[in-house]
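Below: the structure, in structure tokens.
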Amino acid sequence: MPGRVSRVSSATSETVELLRALVREACVNTGEASSGGEIRAVRVLQRFLAEAVERRCCETRVFEASPGRASLVARVRGTDPDAPALGLLGHLDVVPVDAERWTHDPFGGDLIEGEIWGRGTVDMLYLTAAFATAFREVALAEERPRGDLLLLAVADEEAGSDYGLRWLLREHPDAFGVTEALSESGGMRMGDHVVVEVAEKGSAGRRLVVRGTPGHASIPFGAQSAAYAAGEVLQRLAAVAPAVELGALWRSFVEARIDDPDLAGRMLDPVRLDAALLELGGIAGYAHAASRVTISPTVLRAGQAHNVIPGEAHIDLDIRTLPGTTDDEVDALLAEMLSGLSAEVEVRHLRGWPATESPEDEPLFDAVRDAIAQTDGSPVVPIMAAGGSDARLLRELGIPSYGFGLLSADWSYERYRQRIHAHDERIDVASVELTVEALRRIVSARVG
Ligand SMILES: [Zn+2]
């Protein structure tokens, strides 16, 4: 056994060092085409894989959607072209920081008291690093896997993937031959279960264009200000309550997370659910989002000059949909909300995508469940994520894709939600170790 332990810890320390190197490259994605600079992280990965490439154990290709916006695709050829080809999908970009609010340098990659600090450590560089470690280990092993193993380390996940996976899939509509995939975000604790994301809500963004009549602000009497009309629309929006819809994953969430049978019973009843939300503490927001379409006004704009009554106002809505929600249903919900205002308010469609789900009766899901059980002893709970990730682009192609990870015991789902994109983002070495260990089990089971 000592041999096995030291192997695990060396894979962990390699992953930790790679994670720290990726953090230091600071591939901050502001949404501007010129941001990101993921080519720097790609070079880190190229150095990490250099020996495997030199020994012709794997092939790598770098794709640059625009200058600096690079993604790396690496492949270990399997022995059986018909065996499933597993893609390990990790993004390289991170969201911006407010550096003054951080206790340590957000791009220092410091290792302090068993935690690696820095932007992106949780979302999702620890996982991208673990994917690279597992990939390299398979590449350098004597025995080849049955099916191909691919590492897809991509740009621009945080801003819509136009320079990352969405672009790559336009160039390679066969998704590089990947037939199943692991990506973010899983591994959080829900009760004594470990989360595997099997579905993600969809997005149906809308812009409400509210019209009034512009005029000089010094004589407001009788004016039709778009600002007041926008205020009325916002009041109505606050009162919209999309219907509760409890899908197939709802029951598994409730059973994993809620110990009290009375509370669980009320949560399974669409009529009594909303009153029960108040008793849920930190998980209430997730429970609310997972049980209905949600609408959040985000960007508001009206007016150009201090002394001009605005003739037009824009209200952008972030609308998150459930599996099966149609665009027409979203528009009908808004039309009802706007009843009587249709002359003043136009609804425009912003970019959206449907909710996506992967089945649980897939060999890869079984492999994830078994690896987590063997590593940690915990059962898994399949859930639907409220947000979105690149995994949806693969699910849209019919490729089963799961949000993976195995975080240490303190990582409740709500703690995870609080930590990502927040100040002082950091991950513990213990979580890196658990994730690497579970991942090695998944990929080594595909050999021989
Ligand atoms: Zn992410």
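The backbone N or O of Ser35 lies less than 3.5 Å from a partner atom in the side chain of Arg69, making a donor-acceptor pair. Between the side chain of Ser203 and the backbone N or O of Trp353 there is no donor-acceptor pair closer than 3.5 Å. Arg441 contributes no side-chain N or O that, together with a main-chain N or O of Ile372, makes up a donor-acceptor pair within less than 3.5 Å.
Counting heavy atoms from C-beta outward, Arg440 and Val436 have side chains that approach closer than 4.5 Å. Side-chain contact check for Glu414 versus Tyr286: every heavy-atom pair is 4.5 Å or farther apart. Side chains of Leu246 and Val254 form no contact here, defined as non-hydrogen atoms less than 4.5 Å apart. Side-chain contact check for Met267 versus Trp250: some heavy-atom pair is nearer than 4.5 Å. Between Glu59 and Arg77, the closest side-chain pair of non-hydrogen atoms falls below 4.5 Å. Here the side chains of Ser401 and Leu89 are not in contact, with every heavy-atom distance at 4.5 Å or above. No side-chain heavy atom of Pro84 sits under 4.5 Å from any side-chain heavy atom of Leu364.
Trp167 is linked by a ring pair (Phe, Tyr, Trp, His ring centres under 6.0 Å) to nothing, counting only residues two or more places apart in sequence or in another chain. Partners of Tyr416 according to the ring pair (Phe, Tyr, Trp, His ring centres under 6.0 Å) rule, which considers only residues two or more places apart in sequence or in another chain, do not exist here. The salt bridge (charged side-chain N to carboxylate O under 4.0 Å, His left out) check on Arg56 picks up nothing, with sequence neighbours excluded. By the ring pair (Phe, Tyr, Trp, His ring centres under 6.0 Å) test, Phe63 is found to be paired with His172, Phe176, residues two or more places apart in sequence or in another chain being considered.
Residues in residues 388-402 take part in these salt bridge (Lys or Arg N to Asp or Glu O under 4.0 Å) pairs, two or more places apart or across chains: Glu200-Arg395. Applying the side-chain hydrogen bond (donor to acceptor under 3.5 Å, both in side chains) test to pairs two or more places apart or on separate chains, those with a residue in residues 83-93 are Asn29-Asp93, His91-Asp93, His91-Asp123, His91-Glu157, His91-Glu184.
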Residue pair Thr121, Tyr126: steps toward the side-chain contact (heavy atoms from CB on, under 4.5 Å) verdict: CA-CA 5 Å; Thr121 46; Tyr126 91 96; 5.7 Å; no

Test side-chain contact (heavy atoms from CB on, under 4.5 Å) applied to Thr15 and Thr435, step by step: CA-CA 10 Å; Thr15 308; Thr435 297; over 6 Å; no

Derivation and outcome, salt bridge (charged side-chain N to carboxylate O under 4.0 Å, His left out), residues Glu17 and Arg20: CA-CA 5 Å; Glu17 288 314 307; Arg20 299 175 72 190; 3.2 Å; yes

side-chain contact (heavy atoms from CB on, under 4.5 Å) evaluation trace for Arg417 with Ile420: CA-CA 6 Å; Arg417 297 303 313 174; Ile420 61 166; 4.0 Å; yes

side-chain contact (heavy atoms from CB on, under 4.5 Å) between Ile383 and Glu197, intermediate numbers included: CA-CA 5 Å; Ile383 69 155; Glu197 282 181 359; 4.1 Å; yes

Derivation of the salt bridge (charged side-chain N to carboxylate O under 4.0 Å, His left out) call for Glu158 and Arg119: CA-CA 13 Å; Glu158 296 288 1; Arg119 173 57 87 221; over 6 Å; no

Audit row: Asp327, Arg206, salt bridge (charged side-chain N to carboxylate O under 4.0 Å, His left out) steps and yes/no: CA-CA 10 Å; Asp327 265 331; Arg206 297 288 187 272; 2.9 Å; yes

Trace of the salt bridge (charged side-chain N to carboxylate O under 4.0 Å, His left out) decision for Asp269 with Arg266: CA-CA 5 Å; Asp269 176 352; Arg266 284 181 283 134; over 6 Å; no

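Using a cutoff of 4.0 Å between basic side-chain nitrogens and carboxylate oxygens, Glu113 and Arg426 are not scored as salt-bridged.
Residue Arg351 qualifies as enclosed at atom CZ: its count of foreign heavy atoms under 6.0 Å is above 12.
Judged purely by distance below 3.5 Å, without hydrogens or angles, the side chains of Ser408 and Asp428 pair a donor atom with an acceptor atom.
Geometric assessment of Arg419 against the ring of Trp411 yields a positive cation-pi assignment under the 6.0 Å and 45° thresholds.
For the atom pair CE of Met188 and OG of Ser431, the computed distance is 11.5 Å after rounding to the nearest 0.5 Å.
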